[in-house]
Every structure is written in structure tokens, then in C-alpha cells.
Amino acid sequence: MKLLIFVSSNCPHCPDAEKVVEKIAPDYYNYGLSFKKIRMKTSEGKELASKYNIMAVPTVLFLDDKNNEIQRIIGTPGEDSLRSKIEKGLGLKKSFFSRIFG
């Protein structure tokens with residue numbers, strides 16, 4: 001799974017979002033997570049923002065191995081929320097119902 005964080009230099013919330021992602025993401029590298037920061041003003045940033053319809057920053061995008069969007073977080077994610085979404089995307093966290101019903 002890939003995690004992309006879209007940021008802009010004039011965004012007051014982006015540094016906080018980057019810190020959260022940079023703190024949490026390395027814990028999941030061994031499970032197949034890759035992480036990349038995307039600056040909106042670069043040519044790559046413009047291309048990816050257009051492709052994934054990114055309308056606000058910061059936006060954290062979760063992609064599968066075929067670069068299809070799994071989920072997104074708009075705004076600065078909380079640590080627990082980000083961990084939960086990463087674990088769910090990687091298949092490490094079982095849903096409430098699968099824990100009960102198997």
C-alpha cells in the first residue's frame with residue numbers, strides 16, 4: 001500500500017500533518033507501506049492532484065498496489081486515526097464484525 005501526503009508551502013496545517021505521517025508511517029514499512037510527500041506546486045504534484053482530484057491540502061491518500069485510491073483523509077490526521085486507517089488498508093486490523101463472527 002502507498003501513502004501519499006499532498007502539501008503546499010503556504011498551507012498552515014501541512015507541517016503538522018507531515019509530522020504525524022512521518023512519525024507513524026515508518027512503523028509500517030515492514031508490512032509493505034511506502035510513503036511519499038507530494039508538493040502541489042511541482043509538475044508531479046499538479047499531475048497527481050489532477051489524477052486523484054485533490055481539492056485541499058493537506059490530503060493523505062491511500063493507494064493499493066495498482067495505484068487505485070482506497071481512502072483519503074482531508075486535513076491533519078490524528079495519530080490513532082491514521083494508524084487505524086493504515087492497519088485496515090494493510091489488512092492488519094480486523095473489523096468489529098470479523099472479530100465477532102470470524
Side-chain angles (χ1 to χ4, degrees):
M1 184 172 79
K2 297 174 189 164
L3 188 153
L4 304 179
I5 181 168
F6 290 82
V7 297
S8 176
S9 59
N10 60 357
C11 163
H13 304 288
C14 289
D16 291 336
E18 287 179 55
K19 285 178 192 170
V20 171
V21 172
E22 289 170 354
K23 178 180 178 183
I24 303 296
D27 294 346
Y28 298 95
Y29 289 164
N30 290 339
Y31 297 100
L33 180 72
S34 65
F35 157 66
K36 187 171 185 180
K37 179 169 56 175
I38 308 294
R39 297 200 178 276
M40 294 290 282
K41 291 184 179 180
T42 65
S43 58
E44 178 188 34
K46 290 175 185 173
E47 179 183 327
L48 289 171
S50 175
K51 178 177 180 180
Y52 294 110
N53 199 28
I54 303 299
M55 304 300 277
V57 289
T59 295
V60 179
L61 202 61
F62 298 87
L63 305 176
D64 66 15
D65 293 335
K66 295 180 181 169
N67 293 326
N68 296 313
E69 180 179 340
I70 300 170
Q71 193 166 5
R72 71 174 59 199
I73 301 172
I74 298 170
T76 303
E79 288 185 25
D80 291 340
S81 173
L82 183 61
R83 279 190 191 281
S84 178
K85 290 180 188 323
I86 290 171
E87 289 173 9
K88 185 177 178 189
L90 291 170
L92 301 175
K93 184 175 186 177
K94 294 183 181 273
S95 74
F96 173 77
F97 291 107
S98 68
R99 285 195 308 256
I100 292 174
F101 300 112

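Computation of the quantities below employed the complete heavy-atom set of this structure, encompassing side-chain atoms and omitting hydrogens, waters and symmetry-equivalent molecules. This is a predicted model, so every value here is computed, not measured.
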Going from CG on L61 to CZ on F6, what distance comes out if it is rounded to the nearest 0.5 angstrom?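 Spacing of CG (L61) from CZ (F6) equals 5.5 Å.
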Between [X] and [Y], is any pair of side-chain heavy atoms under 4.5 Å apart?
X	Y	answer
K85	S81	yes
L4	L63	yes
F62	L90	no
L3	Y28	no

Passes side chain to side chain contact (heavy atoms under 4.5 Å, CB included), I5 versus V60? Steps please. CA-CA 4 Å; I5 181 168; V60 179; 4.1 Å; yes
Evaluation steps, side chain to side chain contact (heavy atoms under 4.5 Å, CB included), between M40 and V7: CA-CA 6 Å; M40 294 290 282; V7 297; over 6 Å; no
Which heavy atom in L33 sits nearest to a heavy atom in K2, and how many Å separate them?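 In terms of heavy atoms, the two residues are closest at CD1-C, 4.4 Å.
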Minimum heavy-atom separation for A25 and F35, please, with both atom names.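 Closest pair (atom of A25, atom of F35, distance): CB-CB, 4.0 Å.
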I24 and M1: same hydrophobic cluster, using ILVMFWY side-chain contacts below 4.5 Å?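 Per the 4.5 Å side-chain linkage, I24 and M1 are co-clustered.
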[X], [atom1]: over 12 other non-hydrogen atoms inside 6.0 angstrom:
X	atom1	value
N53	CG	yes
R72	CZ	yes
N68	CG	yes

Can you list, by chain and residue number, the hydrophobic cluster partners of M55 when the side-chain cut-off is 4.5 Å?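 Its cluster partners, ordered by chain and number, are none at all.
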Stepwise side chain to side chain contact (heavy atoms under 4.5 Å, CB included) check, Y31 with I86: CA-CA 10 Å; Y31 297 100; I86 290 171; over 6 Å; no
Determine whether a donor-acceptor pair (N or O, by modelled atom type, separation under 3.5 Å) exists between the side chain of T59 and the backbone of A56.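 Side chain of T59 to backbone of A56, a donor-acceptor pair under 3.5 Å: yes, one is there.
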Please output the side-chain donor-acceptor pairs of residues 8-22 that fall under 3.5 Å, not counting sequence neighbours, one pair per line with the distance.
from : atom 1 : to  : atom 2 : distance (Å)
S8   : OG     : N10 : OD1    : 2.6
E18  : OE1    : K37 : NZ     : 2.9

